[in-house]
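Written out below as structure tokens is the structure these notes cover.
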Amino acid sequence: MTRTVIESKTKTVVIGFDEPFCVIGERINPTGRKKLAAELELGDFSTVERDAIEQVACGANVLDINSGAVFSNKMAEDPRYADNNFVEPPLMRELVARVQAVVDVPLCIDSSVPDALEAGLESAEGRPLLNSVTGEEERLERVLPLVKKYNVPVVAIANDDTGISEDPDVRFAVAKKIVERAADFGIPAHDIVVDPLVMPIGAMATAGQQVFALVRRLRDELGVNTTCGASNISFGLPHRHGINAAFLPMAIGAGMTSAIMNPVRVQEMEAIRAANLLMNHDADGTKWIGFSRIADAVAEGATFADASKAAAAGGAGGGRRGGGRRRRG
């Protein structure tokens with residue numbers, strides 16, 4: 001059975017068909033987060049550190065670290081900052097160091113800049129997941145040698161030089177091409193985690209059906225693990241967490257084994273815990289029973305992170321906090 005092994009200095013996470021669903025926390029990403037990008041430009045990593053701690057407390061097994069920041073003020077002073085190849089490698093090193101100083105979970109090194117990917121690989125302890133390679137020829141030739149050199153697994157995104165196809169058969173063909181090209185470099189299929197690309201259901205009514213069918217094919221025909229940007233499915237729609245919480249168990253049932261997502265949302269995490277139980281990936285329901293106590297504490301007014309930390313510390317995990325105000329999970 002396919003097993004993709006990711007490691008930190010002391011912890012191992014296995015992504016696999018017979019393993020609990022792997023949650024890859026997405027929040028350490030300045031893309032679309034202007035406040036975070038502004039903090040990073042000032043050398044302030046406090047939000048990064050808080051997000052790392054909170055995501056792990058809420059159940060993230062792996063943390064994605066994305067270095068795609070735009071430093072607008074520095075760019076005005078020094079034109080080199082307009083070049084991601086200049087900005088991202090040193091930023092990635094610092095992000096990895098900061099995160100590893102406060103949590104001990106495996107990392108997912110995420111960048112469109114190959115030099116930033118290598119900077120992350122050089123800085124990360126253990127065996128991180130690399131994010132990502134596509135079917136584009138230039139990308140294959142730059143990233144696959146890094147995967148081989150550092151002996152790490154890689155996310156393979158099912159688009160190529162022609163862009164993102166709406167045809168799921170084309171996306172499958174791209175994924176197959178990446179797996180085959182990786183084999184040419186001596187990279188085994190169990191170290192390829194395919195992202196079949198989730199389209200927004202608001203723009204494409206068959207998006208959910210497409211990805212479920214694709215995941216089944218990827219599992220049955222290529223024998224690879226899969227991941228996705230889970231929140232893409234609900235983009236542009238109201239009450240997105242409800243859609244995400246329905247999508248995730250359906251994807252898990254189809255064979256998806258991981259997702260890059262926001263783990264601090266109790267609704268989505270509850271859906272994943274329930275799916276693990278229903279898929280017989282939670283021995284004796286132990287994890288579900290533990291999560292139910294956290295959910296009860298959240299219902300009484302605790303934040304999801306605080307309730308999770310209390311449960312991990314062996315506390316009751318209940319009661320109101322922060323003046324009785326409830327933050328939505």
Side-chain angles (χ1 to χ4, degrees), residues 23-56 58 60 62-76 80-99 103 107-121 123-124 128-134 136 139 142-143 154-159 163-164 193 195-200 202-203 227-237 240-241 244 258-265 268:
V23 175
I24 304 172
E26 70 179 5
R27 289 190 55 75
I28 303 174
N29 184 346
T31 306
R33 295 183 71 187
K34 292 182 179 180
K35 183 175 181 291
L36 177 58
E39 289 178 2
L40 295 178
E41 187 170 12
L42 295 171
D44 179 358
F45 293 87
S46 56
T47 296
V48 168
E49 292 164 349
R50 283 196 303 272
D51 281 348
I53 293 168
E54 183 178 41
Q55 289 183 101
V56 172
C58 292
V62 176
L63 291 184
D64 187 87
I65 299 182
N66 185 297
S67 57
V70 176
F71 291 167
S72 301
N73 293 327
K74 288 186 176 180
M75 194 186 304
R80 291 180 299 174
Y81 282 92
D83 183 1
N84 282 353
N85 293 287
F86 178 78
V87 173
E88 291 201 38
L91 178 60
M92 179 64 82
R93 289 190 189 94
E94 187 67 21
L95 287 169
V96 169
R98 296 282 184 150
V99 171
V103 295
L107 303 181
C108 178
I109 307 299
D110 186 354
S111 176
S112 60
V113 176
D115 286 347
L117 292 177
E118 185 153 27
L121 290 172
S123 305
L129 176 64
L130 198 65
N131 189 9
S132 58
V133 68
T134 67
E136 297 167 286
R139 190 76 177 176
R142 289 294 306 276
V143 176
V154 64
V155 174
I157 301 179
N159 70 281
I164 300 173
V193 181
D195 182 345
L197 292 170
V198 176
M199 305 294 190
T227 194
C228 71
S231 64
N232 287 351
I233 193 70
S234 62
F235 182 78
L237 292 173
R240 295 184 64 184
H241 303 303
N244 298 344
S258 68
I260 300 172
M261 56 176 287
N262 186 351
V264 306
R265 301 293 183 182
E268 283 98 314

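These numbers come from the heavy atoms of this one structure, side chains and all, not from hydrogens, waters or symmetry mates. Residue numbers count from 1 along this sequence.
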So how far is it from [X] [atom1] to [Y] [atom2], rounded to the nearest 0.5 Å?
X	Y	atom1	atom2	result
Cys108	Leu130	SG	CG	7.5 Å
Ile65	Asp51	CD1	CG	11.5 Å
Ile53	Cys58	CD1	SG	12.0 Å
Glu41	Met75	CD	CE	8.0 Å
Leu117	Ser67	CG	OG	7.5 Å

Inset, instruction - Mind telling me whether Phe71 and Tyr81 have parallel, tilted or perpendicular rings, with 30° and 60° as the class edges? - result: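 Rings of Tyr81 and Phe71: tilted, as their planes differ by 30° to 60°.
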
4.5 Å side-chain heavy-atom contact, [X] and [Y]:
X	Y	result
Glu94	Phe45	yes
Glu88	Asp115	no
Leu129	Ile24	yes
Val48	Leu95	yes
Leu121	Pro128	yes
Phe235	Arg240	yes
Arg139	Arg142	no

Inset, instruction - Mind running salt bridge (Lys or Arg N to Asp or Glu O under 4.0 Å) on Asp44 and Lys35 for me, showing each step along the way? - result: CA-CA 11 Å; Asp44 179 358; Lys35 183 175 181 291; over 6 Å; no

Please confirm whether the backbone N or O of [Y] pairs with a side-chain atom of [X], one donor and one acceptor, at under 3.5 Å?
X	Y	result
Arg98	Arg93	no
Arg27	Met261	no
Gln55	Glu26	yes
Ser123	Gly120	no

Could you tell me which non-hydrogen atom of [X] sits nearest to which non-hydrogen atom of [Y], and how far apart they are?
X	Y	result
Ala69	Val87	O-CG1, 4.0 Å
Ser111	Ala116	OG-CB, 3.4 Å
Pro89	Ala119	O-CB, 3.5 Å
Asp195	Gly229	OD2-N, 4.1 Å

Inset, instruction - Kindly indicate, with the supporting measurements, whether the criterion side chain to side chain contact (heavy atoms under 4.5 Å, CB included) is fulfilled by Val193 and Asn131. - result: CA-CA 10 Å; Val193 181; Asn131 189 9; over 6 Å; no

Legend entry - Side-chain H-bond candidate by donor/acceptor type, Ser234 with Asn244, under 3.5 Å: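 Distance-only check passes for Ser234 and Asn244.
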
Legend entry - No-hydrogen, no-angle side-chain donor-acceptor test under 3.5 Å, Asn29 and Asp110: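 There is no such pair (donor and acceptor under 3.5 Å, judged by atom type) between the side chains of Asn29 and Asp110.
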
Legend entry - Residues forming a side chain to side chain donor-acceptor pair (under 3.5 Å) with Lys34, sequence neighbours excluded: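 By the side chain to side chain donor-acceptor pair (under 3.5 Å) rule, Lys34 matches no residue at all.
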
Inset, instruction - Please identify each residue that fulfils salt bridge (Lys or Arg N to Asp or Glu O under 4.0 Å) with Glu118, with sequence neighbours left out. - result: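 Glu118 satisfies salt bridge (Lys or Arg N to Asp or Glu O under 4.0 Å) with Lys149 only.
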
Legend entry - Member of Val96, Val154, Val155, Asn66 meeting the side-chain contact (heavy atoms from CB on, under 4.5 Å) criterion with Ile109: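 Per the side-chain contact (heavy atoms from CB on, under 4.5 Å) rule, the option paired with Ile109 is Val96, out of Val96, Val154, Val155, Asn66.
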
Legend entry - Ile164 and its side-chain contact (heavy atoms from CB on, under 4.5 Å) partner, picked from Thr134, Ile157, Leu197: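 Between Ile164 and the candidates, side-chain contact (heavy atoms from CB on, under 4.5 Å) is satisfied uniquely by Leu197.
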
Legend entry - Worked check of side chain to side chain contact (heavy atoms under 4.5 Å, CB included) between Ile28 and Asp64: CA-CA 7 Å; Ile28 303 174; Asp64 187 87; over 6 Å; no

Inset, instruction - Output, in order, the C-alpha distance, side-chain angles, deciding distance and verdict of side chain to side chain contact (heavy atoms under 4.5 Å, CB included) for Val23 and Val62. - result: CA-CA 6 Å; Val23 175; Val62 176; over 6 Å; no

